[in-house]
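Step one of this worksheet: look at the structure below.
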Amino acid sequence: MKASCNWIREIAAIDASASEMAERLTRAGLEVEAIERVGEGLDRVVIAEVRGKRAHPTKDKLSLVTVFDGKGTREVVCGAPNVPAPGARVVLVDVGAVLPGGLRIESREVAGVRSEGMLASEKELGIGADHEGILVLGDDDPGKPGARVDEALDLRDEILHLSLTPNRPDCLGHLGLARELSVLFGEPFAPRLTLLPSKLMSVLPEAPRGTAALPVIDSGTGHSGETASLVAPVDGVPMVAPIHIAAPDRCARYVGTVLQRVVVGPSPFWVRHRLHTLGQRSIDRVVDVTNLVLLELGHPIHAFDLDRLDGHRIEVRLAREGERIALLDGTERTLTADDLVIADASKPIALAGVMGGSETAVRPGTKNVLLEVAWFDPRSVRRTSRRHAIHTESSHRFERGVDPSGIPTAQRRALSLLTTLAEAVSSPIGVDAETRRIANATISLDPDYVRSAIGDASISDVESRTILEGLGCAISPGEHSGWRITAPLHRPDLTRAIDLVEEVARVRGYDRVPTALLRPEPRPEAASSRALLVRQVRRAALATGHHEAVNFTFLAASDLTRARVSTEAVALANPLSEERSVMRTSLVPGLLANVSRAERHQRPRGRIFEIGRRYLPGNGPTSVDETASLAIVAFGARDQWLGEGPSVDFYDGKGAIEGVFASLALTVEHRVPANVPGWLHPRRAAEIVLRAGEDARVIGHVGEIHPDVADAHELVTRPVIAELDLEPVLVALAARAPKQVAALPRSMAVVRDLALVVEERVSLSQIAHAIREAGGPLVEDVALFDLYRGKPIAEGHKSFALRVTYRDPEATLTDARVEETQSRVIARTSSELGATLRA
Amino acid sequence: MSDAVQEFEAGLARLGGDVTATFAACIDENALRAENAKLAGPQGELTALLKLMPKLPGDRRKELGQRANQVKQAIQSAFDGRLAAIARAIREAELSGPQLDVSLPGRSVRPGGQHPITKTIEELLDVFASLGFEISESREIELAEYNFGRLGFPPDHPATDMQDSFFVKGRTGSAAGGGGDDAVVLRTHATAIQVHEMLARKPPMAVVASGTVYRRDDDATHSPMFHQIDGFLVDKNVSFAHLKGVLTTFLKRTFGADVPVRFRPSYFPFVEPGGELDIGCTFCRPWVEAGSEAQIARTLACRTCKQTGWIEVLGCGSIHPVVFESCGVDPNEWSGFAWGMGIDRIAMLRHGIRDIRMLYENDIRFLDQL
């Protein structure tokens with residue numbers, strides 16, 4: 001919302017500067033984002049009168065214009081097509097002036113003729129949108145020749161750019177802002193608005209049956225000394241139009257007033273200028289008045305071409321399913337039975353509160369007008385506006401809540417402007433269809449509550465009362481104690497006591513709220529917070545050398561397919577793009593994208609992990625299971641001291657998992673998987689088993705990426721990747737007991753090396769198991785220190801070089817016992833696994 | 001005098017000569033040991049000499065034996081001395097040898113870089129934890145009832161414009177034109193934690209939660225997925241002044257005790273009175289030498305605060321009675337405050353990240369720097 005400081009000052013007696021207003025509004029919750037100064041830099045631009053015009057000697061498109069600048073006459077060269085006849089006033093830019101756009105005007109020859117200045121367009125002066133020709137003032141525009149244009153036309157203004165929260169529809173107009181500023185500056189508020197039509201029909205019609213008449217002159221206030229001129233109505237043109245509200249829950253009140261003899265034409269300069277500075281386009285005198293009223297009072301109104309209304313009547317009803325309407329924005333819409341429309345006897349003529357129809361719009365040649373001033377249900381307007389994706393100044397205000405008590409003011413203000421600017425003759429009454437009266441909220445408020453809720457005992461009753469009354473609240477004593485407050489209808493956001501507390505705090509200023517501290521009582525359960533357990537996992541992954549990634553949790557369905565993870569995903573109904581249209585079922589696609597990115601940017605090695613949620617269709621109120629997951633990827637060359645090592649393989653992935661779990665003090669094992677997930681290499685993957693006491697469960701997988709998946713991502717490296725379910729890990733972490741420590745042995749160990757040749761199919765764990773079984777409690781440790789394939793070992797075989805540590809904790813081992821045990825170990829590996837001692 | 005005695009004595013005389021000089025000529029341990037072996041080793045001269053002992057006459061044997069032993073000891077002692085000298089020389093050479101190139105890379109397992117989002121969340125949560133708040137979390141895919149309805153967003157209210165939501169396919173709600181409490185949305189804020197906690201247990205409570213949230217915005221300054229920390233406190237006799245005190249303390253602990261804090265009114269449907277807290281811009285630091293030419297120039301050039309000197313960091317307010325009522329908590333007995341803050345921008349501020357997209361690209365060259 002843009003607001004003119006000049007306009008605010010016209011309505012209310014506020015003498016604060018623009019920056020003071022902005023500061024005060026911002027501190028009261030009405031954020032001013034910027035102050036824009038308009039009409040600057042025009043100190044050498046004056047009003048001039050055209051005295052003569054002749055053709056340029058050589059150039060057809062140029063003319064030589066003699067103007068009187070208040071002191072003397074001079075000749076300027078002008079290229080505009082609209083140089084007016086002598087007597088008309090134009091705007092002269094003096095030699096030496098620099099226009100707001102940076103254009104410097106010099107005395108110079110134009111095609112051989114010296115030009116002493118320039119006649120300017122609105123756009124060149126930065127005061128309007130028109131650049132078709134020079135600015136020509138109309139008869140109703142002020143300013144004598146020689147007068148500075150910025151002073152004569154009142155061009156200097158400061159425009160506040162407000163960012164309003166949706167609870168303050170009252171400030172979507174200058175009247176409301178003036179009221180708010182009056183409260184904030186502690187000034188009484190008595191708005192200055194002309195509410196008297198200048199031309200009235202000389203015959204008083206009767207309101208149609210079933211509707212009331214709203215007199216356009218407020219007998220209550222009276223306009224002493226002011227009179228409207230009376231004009232005879234036009235024969236054959238109705239003075240009133242019947243109004244029927246068929247959807248009373250959607251439209252509480254509709255006032256329609258007939259105007260005759262309308263002159264539709266370009267608006268005077270001040271209207272065009274005011275609309276321009278507030279970001280609106282000038283259309284014609286009638287439409288401009290409706291926009292002026294909207295900007296001034298915050299109440300959207302609409303003007304129909306009365307002669308185009310079938311039956312000269314208005315019906316406010318729900319659209320029929322499939323009914324069509326051509327709108328002012330040039331589009332045609334198909335309506336639903338939930339859209340509220342304004343209709344004539346045969347067809348919809350406007351989307352109520354959103355946009356008018358093009359067929360009944362005011363246009364050049366329009367003679368008679370029906371002026372609509374109404375109150376539509378905010379939710380109804382909002383639904384229609386959203387459904388058809390039409391957001392207008394009108395819908396913006398109606399959906400936030402327009403002041404229902406402002407209808408007579410809006411009607412009279414519009415009639416006053418239309419009868420003056422568009423020379424229209426107003427019917428003495430509007431037809432007033434009202435289906436229900438919107439009631440004021442009444443609220444009980446104890447001034448003690450104001451103090452206790454804000455936490456400031458120093459707020460006096462008088463101060464609270466002054467603020468609330470300034471905002472338009474009426475205060476009477478409460479039934480038992482405290483106050484009974486009637487909230488004004490322009491503040492639909494005030495419905496309960498806390499709303500009034502906020503008003504007091506807000507108007508006083510939050511900087512005046514004192515600060516107090518309090519300390520929550522600790523709860524013992526809080527220590528095992530899930531977030532803190534997740535943090536331990538993150539620490540472990542970081543400590544083992546992995547960078548942390550945070551990927552988008554939504555991606556394209558094709559990302560799931562390409563990574564061969566589950567495609568049974570939660571899909572979005574309204575994604576921003578196909579690329580982010582389903583929730584991830586795995587963290588694997590995200591990490592693969594990170595690897596791909598690294599390769600593209602010449603960093604084809606690294607270790608990355610992510611901790612995040614997977615979303616799977618499930619049960620519960622949302623039908624989604626969100627579970628925490630940990631994924632790790634290693635890719636490219638392995639780290640070594642200098643240069644690059646060989647590419648990472650399965651064991652780097654396994655090692656990463658072991659490292660993470662070792663640092664978490666949890667036990668995992670790796671096993672040949674029962675089922676290999678699609679994203680992993682079928683022969684180079686393991687399932688990860690979490691062991692907690694007697695309980696062992698598969699929590700995820702680790703392995704080389706499936707080569708087809710690597711190809712599908714156009715990867716050069718063959719990443720090793722793991723993903724596991726974090727939920728059981730968090731449970732185990734929460735239940736984890738401190739590690740127990742055994743006493744250190746006093747006896748010496750005996751170490752024996754053993755080289756065993758076995759077939760490829762025999763695993764290290766089988767050999768180690770056999771050694772432990774055969775050696776019994778004397779075997780303390782079995783460690784592999786070399787693995788060899790190749791000559792002289794037979795094809796299909798490998799050699800394990802093992803270091804076996806024997807120890808008897810009770811006694812010193814004799815050589816004989818060791819030899820005897822080792823023989824049993826060798827015999828067992830031979831009989832059970834076909835192992836032979838390497839020669 | 002027998003020949004044997006003569007030979008023996010000659011041998012002793014030869015071996016008893018200047019052994020020290022002989023050994024001193026040996027430049028390393030190997031040469032020394034070779035020389036020593038020649039003299040005193042099993043194949044050496046002394047051993048050969050001692051083999052003559054049985055041939056010596058009985059009356060001289062003792063005396064000659066003693067002299068031989070003296071010679072042996074002299075050789076041994078000279079050997080030991082020379083050996084130690086050689087070892088010392090080697091050590092001296094090592095200690096005065098060439099300086100190591102300490103600029104060569106070290107060998108270690110480097111810890112990975114933590115993502116700025118999680119790092120910022122952890123640090124901010126820790127501050128709240130130190131102020132006595134429990135850390136909690138809740139689901140990201142949420143019923144509209146919890147994300148909007150119970151938080152006081154009226155149906156069709158324009159407040160939802162501020163955070164246009166993603167809906168889950170097939171669960172867009174039963175209200176006319178979509179929406180309604182039974183719709184399932186990607187949560188637009190982490191505020192639903194209030195509803196979950198208040199439905200689950202009785203006050204008093206003080207909880208803070210972080211999480212991923214989603215809004216249908218995607219431009220230079222908005223990401224459709226981002227992160228928030230939301231927190232709230234419910235107890236008896238909690239006032240707006242408590243909110244101001246606790247959150248100001250949080251901001252000063254987080255951003256520095258000297259950073260100014262500004263508190264101004266704003267609107268969120270689930271709080272009232274509602275407000276926003278700004279901190280002085282941590283880039284141009286307008287409170288340092290405030291009013292000086294240097295400070296004004298700094299602030300006028302500051303892109304971070306857009307020349308305002310302030311950075312908006314959190315929205316907050318007293319918990320609206322509507323929220324208490326919708327969660328079965330009596331607003332006449334309990335009161336409280338709540339706040340929510342976006343993490344992404346704070347993370348960007350802290351790490352000097354200029355482009356929000358960098359946060360979610362996970363470029364390894366970006367992560368390497370963390």
Side-chain angles (χ1 to χ4, degrees), chain A residues 26-29 165-167 338 379 382-383 387 399-400 453-456 498 501-502 505-506 510-511 513-521 526 529-532 535 542-543 545-553 570-574 576 594 597-598 601 603 606 613 615 621-622 624 626 641, chain B residues 105 107 109-115 117-118 122 132-137 139-143 156 158-159 161 166-169 172 176-177 184 204 206 212 216 218 224-225 233 239-242 244-246 248-249 263-267 272-273 275 318 320-321 360-365 367:
Chain A
T26 298
R27 270 204 299 129
T165 53
N167 59 325
D338 187 51
R379 291 181 59 183
R382 175 163 175 80
R383 285 209 299 277
R387 181 176 304 124
E399 66 187 23
R400 282 162 175 73
I454 297 175
D456 186 351
I498 194 69
V501 169
E502 177 176 70
R506 185 178 71 78
Y510 283 6
D511 45 354
V513 174
T515 57
L517 283 170
L518 80 179
R519 185 138 191 110
E521 215 167 287
S529 156
R530 219 180 116 90
L532 295 177
R535 211 183 271 197
L542 288 168
H546 299 88
H547 286 324
E548 186 181 25
V550 174
N551 280 297
F552 275 117
T553 56
V570 176
L572 300 183
N574 56 341
L576 280 171
N594 302 152
R597 185 180 183 87
H601 290 99
R603 261 291 270 113
R613 296 187 190 184
Y615 314 83
T622 59
V624 178
E626 294 176 29
W641 185 46
Chain B
R107 295 186 192 92
V109 176
R110 296 287 173 97
Q114 184 171 2
H115 196 281
I117 293 281
T118 66
E122 287 185 0
F133 288 80
E134 286 179 29
I135 300 173
S136 182
E137 58 184 18
R139 60 191 177 216
E140 284 171 27
I141 300 182
E142 186 57 280
L143 286 174
D156 296 325
D161 268 351
F166 290 107
F167 286 81
V168 168
K169 204 175 207 166
T172 51
V184 177
T212 313
R216 293 191 76 246
D218 197 1
M225 180 187 105
L233 177 150
S239 75
F240 202 46
H242 288 121
K244 190 173 175 181
V246 170
T248 302
T249 306
F263 192 21
R264 59 193 165 76
S266 189
Y267 167 74
E272 189 156 22
S318 297
H320 201 289
Y360 299 108
E361 285 169 350
N362 302 300
D363 194 304
I364 194 133
R365 296 166 300 171
L367 300 175

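The analysis underlying the following values was restricted to heavy atoms, covering all of them including side chains, and did not include hydrogens, waters or symmetry mates. All of these numbers come straight from a predicted model, not from anything done at the bench. Order of the sequence lines fixes the chain letters, A, B, ..., with proteins taken first and strands second; residue numbering starts at 1 for each chain.
- Both the backbone and the side chain of B:V246 have a heavy atom closer than 4.5 Å to some heavy atom of chain A.
- Relative orientation of the A:Y510 and B:F263 rings is tilted, given thresholds of 30° and 60° on the angle between their planes.
- For chain B, the nearby part of A:A453 is the backbone; its heavy atoms alone come within less than 4.5 Å.
- Only the side chain of B:T249 comes within contact range of chain A, with heavy atoms under 4.5 Å apart.
- Smallest separation of non-hydrogen atoms from B:Q114 and B:T118: NE2-OG1, 3.1 Å.
- With a threshold of 4.5 angstrom between heavy atoms, A:V550 approaches chain B through its backbone and through its side chain.
- Of the possible donor and acceptor atoms, one in the side chain of A:S529 sits under 3.5 Å from a partner among the backbone N and O of B:I135.
- Interface remark: A:R506 contributes backbone and side-chain atoms alike to the contact with chain B (heavy atom separation under 4.5 Å).
- Considering NE2 of B:H115 and CG of B:L367, their distance stands at 6.5 Å, rounded to 0.5 Å.
- In this structure, the side chains of B:F166 and A:N574 come closer than 4.5 Å at one or more pairs of heavy atoms.
- What you find for A:A573 and B:T172 is that their closest heavy atoms are CB-CG2, 3.4 Å.
- Both the backbone and the side chain of B:P224 come within less than 4.5 Å of a heavy atom of chain A.
- A:I498 and B:E272 get closest at one heavy-atom pair: CG1-O, 3.3 Å.
- With a 4.5 Å cut-off on non-hydrogen atoms, A:A28 touches chain B through its backbone but not through its side chain.
- The candidate from B:E122, B:E361, B:E142, B:H320 with the greatest count of non-hydrogen atom pairs under 4.5 Å with chain A is B:E122.
- Between chain A and the residues B:P265, B:G245, B:G112, the most heavy-atom pairs under 4.5 angstrom are made by B:P265.
- When heavy atoms are compared at a cutoff of 4.5 Å, A:V513 approaches chain B by way of both its backbone and its side chain.
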From CA spacing to verdict: side chain to side chain contact (heavy atoms under 4.5 Å, CB included), B:F240, A:D456: CA-CA 9 Å; B:F240 202 46; A:D456 186 351; over 6 Å; no
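- Highest contact tally toward chain B, considering only A:A571, A:G455, A:A598, A:G606, is held by A:A571 [criterion: heavy-atom pairs under 4.5 Å].
- Only the side chain of B:R365 comes within less than 4.5 Å of a heavy atom of chain A; its backbone N, CA, C and O stay farther away.
- If you measure heavy-atom distances from B:L233 to chain A, the contacts under 4.5 Å come from the side chain alone.
- For the residue pair A:T553/B:E140, the side-chain donor-acceptor check at 3.5 Å is not satisfied.
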Residue pair A:R613, A:E626: steps toward the salt bridge (Lys or Arg N to Asp or Glu O under 4.0 Å) verdict: CA-CA 6 Å; A:R613 296 187 190 184; A:E626 294 176 29; 2.7 Å; yes
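- The contact between A:H601 and chain B is made by backbone and side chain atoms together, counting heavy-atom distances below 4.5 Å.
- Only the backbone of A:A543 has a heavy atom closer than 4.5 Å to any heavy atom of chain B.
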